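When a ligand or atom number is given, it counts from 1 through the structure's own listing order. All values below were derived from every heavy atom in this structure, side-chain atoms included, with hydrogens, water molecules and symmetry-related copies excluded. Since this is a predicted model, take the numbers as computed values, not measurements.
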Amino acid sequence: MIAVLRIGHRIGRDKRITTHVALVARAFGADTIFITTKDEKIKKNIQSVCKRFGGDFQVETGLDPKKIIKSWKGTIVHLTMYGAELEKAVDHIDTDRDLLIIVGAGKVPPYFYEIADINISVGNQPHSEVAALALFLDRYTKAAWQRKDFHGNIQIIPCIKGKKVLSKGTT
Ligand code: SAM
């Protein structure tokens with residue numbers, strides 16, 4: 001089980017970024033996202049993607065991050081530009097345990113740096129939680145996300161030009 005904990009989401013301001021964090025989480029191998037701020041719109045958007053493109057990705061919003069962390073039985077990773085280097089740190093994560101990946105929005109309180117089993121950096125430049133999560137999940141899953149079949153109603157067939165889309169019910 002891989003879960004993403006999105007902390008500090010500001011309604012309105014972070015709407016698109018948090019949606020992208022959730023989409024990346026879903027596409028790159030996570031099972032669920034916990035968004036600490038209550039935001040039904042984002043939940044509905046992501047559920048609509050799941051309905052069309054498949055998979056069993058779960059979205060929960062309006063949760064107390066400390067409660068999630070306290071009840072979490074697996075490993076906790078926090079993505080931050082101050083953390084240990086991704087390439088070295090990723091091999092120290094026990095893949096047999098559940099994994100909670102924390103990503104921030106604005107300034108991240110010290111509590112999250114302290115509670116994490118490992119703070120991991122994706123390079124030491126400031127960039128984006130979307131990029132950090134994508135690269136982290138790619139390395140952590142050893143790119144296994146590419147082989148996942150979502151069994152969606154809509155399936156895209158890769159092609160060099162144009163768009164090839166299979167919709168359930170069509171031949
Ligand atoms: N100013 C914030 C702070 O002091 O923590 C960081 C804001 S940054 C736009 C939002 C999130 O992106 C961070 O909380 C972190 O999860 C992620 N992030 C940004 N750059 C990163 C990097 N180089 N490595 C890992 N995560 C990064």
Taking both backbone and side-chain atoms of G104, is any N or O found less than 3.5 Å from an N or O belonging to ligand 1? yes
The protein heavy atom nearest to atom 22 (C) of ligand 1 is H127 NE2, 3.4 Å
Residue R13 excluded, over 12 heavy atoms near CZ under 6.0 Å: no
When distances are taken from atom 23 (N) of ligand 1, the protein heavy atom at minimum range is Q125 O, 2.7 Å
Starting from atom 10 (C) of ligand 1, what is the nearest protein heavy atom, named by residue and atom, and what distance separates them? E129 OE1, 3.2 Å
Salt-bridge test for R6 and E129: reply yes if a basic N is under 4.0 Å from a carboxylate O, no otherwise. yes
If you compare G8, P126, A105 by their heavy atoms, the one closest to atom 7 (C) of ligand 1 turns out to be A105
I7-L133 co-clustered via ILVMFWY side chain contacts under 4.5 Å: no
Atom 27 (C) of ligand 1 sits nearest the protein heavy atom A132 CB, 3.8 Å
For a quick test of reading the model, state the closest non-hydrogen atom pair linking F28 to L137 and the distance between them. O-CB, 3.5 Å
What is the nearest protein non-hydrogen atom to atom 6 (C) of ligand 1, stated with its residue, atom name and distance? G106 O, 4.0 Å
Do you know which two heavy atoms are closest between T37 and H9, and how far apart they sit? OG1-O, 2.6 Å
Would you please classify the geometry between the F34 ring and the W72 ring as parallel, tilted or perpendicular, with 30° and 60° separating the classes? perpendicular
Which residue and atom name correspond to the protein heavy atom nearest atom 16 (O) of ligand 1, and how close is it? L79 O, 2.6 Å
Among all protein heavy atoms, pick the one closest to atom 24 (N) of ligand 1 and tell me residue, atom and distance. V122 N, 2.9 Å
Criterion side-chain contact (heavy atoms from CB on, under 4.5 Å) against F57, the qualifying member of D31, L23, I46: I46
With a heavy-atom distance limit of 4.0 Å, tell me whether F112 approaches ligand 1 through its side chain, its backbone, both, or neither. neither
